Amino acid sequence: MTARLSLAVLVSGRGSNLRAIHAAIERGQCQAEIACVISDRPEAQALEFARERGIATHTVSPKEFPDRTSWDLALAERVAQSRPGLVVLAGFMRLLGAGMLARFPGRIVNVHPALLPAFPGKDGPAQAVAAKVCLSGCTVHVVDAGVDTGPILAQAAVPVLPSDDAAALHARIQVAEHRLLPSVVHGIARGHYELGPTPRYVGPSAPDSGPPFYAWPPLED
Ligand code: GRF
């Protein structure tokens with residue numbers, strides 16, 4: 001049997017991306033296994049989803065530590081105990097510190113609801129609506145010390161419709177996230193990404209079909 005990429009998935013909220021990874025694994029479309037789900041918030045819905053499926057869960061709450069550094073080191077220790085091949089931030093709403101980054105160098109990925117480097121940080125969809133862009137989307141990137149500044153691995157674009165508010169756009173972006181994130185995890189498992197000092201895609205090229213771009217509004221013929 002082919003070895004599976006072991007994942008530690010870090011979550012703070014609803015966990016729809018965790019569900020998407022889990023579903024892709026169940027469908028045989030993601031050559032990974034979820035070793036544990038870890039949250040900074042004991043009440044995160046994502047933890048409940050994991051528990052119901054018999055996945056190990058842990059909470060490492062900043063409230064239990066005197067400062068950010070000791071919380072970050074404890075988180076790194078907790079994550080390391082599951083010996084993951086990859087750490088996935090799936091809606092983890094806290095900045096990681098030097099302890100986590102040093103423990104898993106280049107092996108932490110995040111999904112962000114915007115086409116980085118545009119609209120990093122909080123409320124990517126609201127920023128896109130306010131800027132009146134026509135396209136937005138999601139980005140999977142390697143995590144570095146900055147806020148959504150790490151090397152980009154993959155992106156998917158969606159239209160921003162004139163009627164969109166931030167919630168409507170975020171819902172559309174999440175549909176894209178739920179395909180992109182499991183697909184990137186699968187790609188990493190299959191060796192289609194190099195996660196070294198200059199992370200990049202080294203997998204097969206896309207078949208040459210259709211226009212090599214996506215436009216919104218649609219092009220007039
Ligand atoms: C996602 O939109 C992700 O891009 C952002 O946080 C959200 C988490 O959603 N980082 P969920 O908890 O996976 O539903």
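These numbers come from the heavy atoms of this one structure, side chains and all, not from hydrogens, waters or symmetry mates. On a predicted model such as this, the values are computed, not experimentally measured, just so you know. When a residue number appears, it is its place in the shown sequence, counting from 1.
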**OP:** Can you sort out the partners of R53 under salt bridge (Lys or Arg N to Asp or Glu O under 4.0 Å), two or more places apart, ordered by chain and number?
**Re:** none

Subject >> Summary of salt bridge (charged side-chain N to carboxylate O under 4.0 Å, His left out) pairs that have at least one residue in residues 119-137, sequence neighbours excluded >> reply: none

**OP:** Report the relative orientation of the aromatic rings in F92 and W71; use parallel for angles under 30°, tilted for 30 to 60°, perpendicular for over 60°.
**Re:** parallel

Original post:
Closest heavy-atom contact between A154 and V184?
Top reply: CB-CG2, 3.5 Å

Original post:
Any side-chain donor-acceptor pair under 3.5 Å between E48 and Q45?
Top reply: no

Original post:
With a cut-off of 6.0 Å (strictly less than), are more than 12 heavy atoms of other residues, nucleotides or ligands near CZ of R51?
Top reply: yes

Original post:
Hydrophobic cluster mates of V133, side-chain heavy atoms under 4.5 angstrom, ILVMFWY only, any path?
Top reply: F119, V129, V158, V160, L169, I173

Original post:
Is there any side-chain hydrogen bond (donor to acceptor under 3.5 Å, both in side chains) pair reaching into residues 97-107, and which pairs are they, with sequence neighbours excluded?
Top reply: E77-R103

**OP:** Would you tell me whether D67 and S70 have side-chain atoms, one donor and one acceptor, within less than 3.5 Å of each other?
**Re:** yes

**OP:** Mind jotting down which residue pairs meet the salt bridge (charged side-chain N to carboxylate O under 4.0 Å, His left out) criterion with at least one end in residues 14-42? Sequence neighbours excluded, please.
**Re:** D40-R94, R41-E43

Original post:
A76 and M100: which non-hydrogen atoms are nearest, and at how many Å?
Top reply: CA-SD, 3.4 Å

**OP:** Scan for side-chain hydrogen bond (donor to acceptor under 3.5 Å, both in side chains) pairs involving residues 146-161, sequence neighbours excluded, and state none if there are none.
**Re:** N110-D148, H112-D148, T139-Q155, D144-T149

